[in-house]
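Notes follow once the structure below has been shown.
Below, chains carry the letters A, B, ... as their sequence lines are ordered, and counting in each starts from 1.
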Amino acid sequence: MATVITPASLIPVSSTSNLTFTIQHEPASAAGYSLPRTGSFKNCKSMLELKQLQSQITKTGQDQDPSSITGLISSCIEMGTDVSLDYARKALEVFVEDNGPTGSLYMFNSVIRGYSSRGFGDRAILVFKEMLCVGVCPDKYTFPFLLSGCTKAGAFREGIQAHGVIAKMGVCRDVFVQNSLIHFYAECGEIEHTRKVFDEMSERNIVSWTSLIGGYAKRNSPKEAVTLFLEMVEMGIVPNPVTLVCAISACAKLQDLELGKKVCAYIGEFGLEVNTVMTNALVDMYMKCGDIDSAKRLFDECTDKNLVLCNTMMSNYVRHGMPVEGLVVLDQMLQHGPRPDRVTMLSAISACSQTEDLLHGRSCHGYILRNALEHWDNICNALIDMYMKCDKPQAACALFNRMPNKTSVSWNSLISGFFKCGDVESAWQLFQEMPDADLVSWNTMIGALVQDSMFMEAIELFRKMQNQGVEPDRVTLMELASACGYLGAVELAKWIYLYIQKKDDIQCDLRLGTALIDMFARCGDPHSAMQVFSHMAQRDVSAWTAAIGAMAMEGNGKQAIELFNEMLHQGIKPDAVVFVNLLTALSHGGLVEEGWEFFGSMDDSFGIKPKVVHYGCMVDLLGRAGLLAEALNLIKHMPMEPNVVIWSSLLAACRMHKNVDVAKYAAEKIAQLDPERPGIHVLLSNIYASAGQWNDVAKVRLQMKEQGVQKGPGSSSVQIDGEVYEFTSGAETRPEMDRIEPMLVEMNCRVREAGYSPNLTNVLLDVDEPEKEYLLSRHSEKLAIAFSLINTGQGMPVRVVKNLRICSDCHTFAKSVSKVYNREIIIRDNNRFHFFRHGSCSCKDYW
DNA sequence: GTAGGGTTAG
């Protein structure tokens, strides 16, 4: 009976495909096939011995005996070298040519197993095709080998076709075959097929469970992997060391130390052996979860550190920004072994990149050349990155040009390197030249724009990326969140958050969560910021810092204190940065007493010596509260030299409290420290102007002109229907001015009726009163508010982002507008948020 | 005969 199976008819693949497996003949097993003997080849240790024995056998005519050839092939597979495997394949071919397919099934299975286990999946598939061609029907032992080969070769189509053959042959109830299918589908990322095979199994063994858990862990579903593991244990199924390794690596991916420890407890509970692979998984998990001490302890205690373990330690050190520690491991390896391989060198080069250590980088390059590793793409890419970070673009380009197979990593390393060297033009040129820009390329470009404060351009590029069908990942979204925060683009902020919630494969981890909090805080949406914060699975000091920062933006000092205390309560150690945000919040909230208290506690309770920034916060706090003498006294008693920022804070406070004497003193200090600082001249001229000292104003203006210092124009922007509109003071060139003009007149009338009168001291030019009034009415935030009122529906808040600090007249104006037009107005200036509702502001006129 | 650890660029 002839069996003809064409899986192409079962599974929708192209009928012209030459990959189709076709079985044409009777199964060999049905034609008197018996279990072979390995024969005397079994003792052969080398190809030479093997060939000598083979020629003896040929003389006696035994070379036609299936059991002899089977033995020869088995020996070759055992040796497992490229040469021996190809030799086995040749022997098999000759045997079939001479004797026909009968008796060759075991040989085929052996050769497929040999290729597959050595990572030659593509050759395993070829041999399987040859097997079908000559009419040998595979058996249930063939498929696990074949599928493993398909997995290693990433041969998705061939694997699916094999599944078709398996179904037709009725071997799909074999647990080994099913387990192999699970593994194959999991590795191909086909998690639904994986689950289907698992669910349909009538009996499962521990390998079935392990394959599924491992599949989930690898396929970005570490959460499901751990859940499944815990369910399995709950059901009374006993895991083995392999299962544990899969579950532990899932915890590493999740960076969830608590969960990791919970899973680890089962090692002891089930009395499982901790071998090197398990040790490695544990070290990796501790490292990825940030418990460096535990990882280091395990590593140090391990008496037979193998190559993989050393590599794990090194790569994690480098990943954690501890390149020096990584290079110490490398040193130990060079002295006592194991001998570094290409994976070791990848981490080593990366460590040199981080430290910009050209000397060590070059010696790594030397090691690579001596050990003939330079043909490996990844090594070359790492070297390109290293040379770029060490500011040697020529060396990097030379390497790049020499590479026969440039990967996207090569291009991306070069592009980001050019940005780091400040050669923006070359970076853009490469981006346009590269054949397939991938997600990382786009992220690099978007990130560079954000770095350069070109936020609108960054968002534009993001839209372009989307139009080209490239899906954003967490890195894209972090960059986007940053741009969005700086622009105060509320609608985009909401879109980003919704997008992340919708996408299962984007993990809102610590860093992304923190970026979102910061984004919402900057967009004047502290409520959403706190919502993100409360939904975070874990919070580190950065997350708490961002949340406290959101309170600082809002000027909510009390809530900031509550958050800080809650953080301490949860056992999180404060760092220097969190104190900056806390003190800023207290400053914006006008909480002087609390400010002194927390400032004092830094060193007393937490051993953190206040830095210049902290003194800056305190000067700001005291200055805002009008305690100028106290602020000046603090500056005089600082343990370090006060910098420009400190004096600027004091100067700003002087302006607010109209203290010209102290202002002059501060301005002198600034002039000494940084004579070309543009903002300082503006601020000083503002002080003179508000005190009516026009001669001095003119003097400063002249000085600015002579020094070529220009005051940056004040600008305000609003976002309407996803479009950002930017207004500059008095700029009448915008096409929208036709509609804004009458609105401004109307607004002016209505707010004057409600009691507003313009505060002309805010105009910094010596012009007559009507002119002053006119200039004042054209401040950019007024234009932005008018435009927003026209273009948004009643009940919608008006949101304005301003590049400079809001002036006191615009502040009064906005309060009045919020009442007269019954609209919430939210203005973010360069310092903080102002929420105007019903005629008053959240800052309580204190800013 | 099936399942497990380390890998460069943003």
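- For A:His183, no side-chain nitrogen or oxygen approaches OP1 or OP2 of B:dT2 to under 4.0 Å.
- Residue contacts for A:Ser413: at a heavy-atom cut-off of 4.0 Å it reaches the sugar-phosphate backbone alone, with no base atom in range.
- Within 4.0 Å of A:Asn378, counting heavy atoms only, lies at least one base atom of the nucleic acid.
- Under the side chain to side chain donor-acceptor pair (under 3.5 Å) rule, A:Ser410 has a single partner from A:Asn381, A:Asn405, A:Asp385, which is A:Asn381.
- Residue A:Asn240 places no side-chain atom within donor-acceptor reach of the base of B:dG4, judged by atom type and a 3.5 Å distance cut-off alone.
- Under the stacking definition used here (centres under 5.5 Å, planes under 30°), the residue A:Tyr141 fails to qualify as stacked on the base of B:dG1.
- The CE-P distance, from A:Met278 to B:dG4, rounds to 15 Å in whole Å.
- For A:Tyr499, the ring pair (Phe, Tyr, Trp, His ring centres under 6.0 Å) partners two or more places apart in sequence, or in a different chain, are A:Trp495.
- In this entry the distance linking CG of A:Asn275 with C1' of B:dA3 reads 14 Å, nearest Å.
- Within the structure, a side-chain polar atom (N or O) of A:Ser315 is placed less than 4.0 Å from OP1 or OP2 of B:dT7.
- A ring-centre distance under 6.0 Å is not found for A:Phe431 and A:Trp411.
- Close to B:dT8, at under 4.0 Å from its OP1 or OP2, lies no side-chain N or O of A:Arg342.
- Nearest to the side chain of A:Lys389, among B:dG5, B:dG1, B:dA9, sits B:dA9.
- As judged by a 4.0 angstrom heavy-atom cut-off over every strand, A:Asp341 is placed among the base-contacting residues.
- One can place CD of A:Gln354 at 13 Å from C1' of B:dA9, the figure rounded to the nearest angstrom.
- Picking from B:dG4, B:dT8, B:dT2 the nucleotide with the shortest atom distance to the side chain of A:Asn381 gives B:dT8.
- Set against B:dG1, B:dT7, B:dT2, the side chain of A:Arg319 has B:dT7 as its closest nucleotide.
- Scanning for side-chain contact (heavy atoms from CB on, under 4.5 Å) contacts around A:Val171 gives A:Lys140, A:Phe143, A:Ile166, A:Met169, with sequence neighbours left out.
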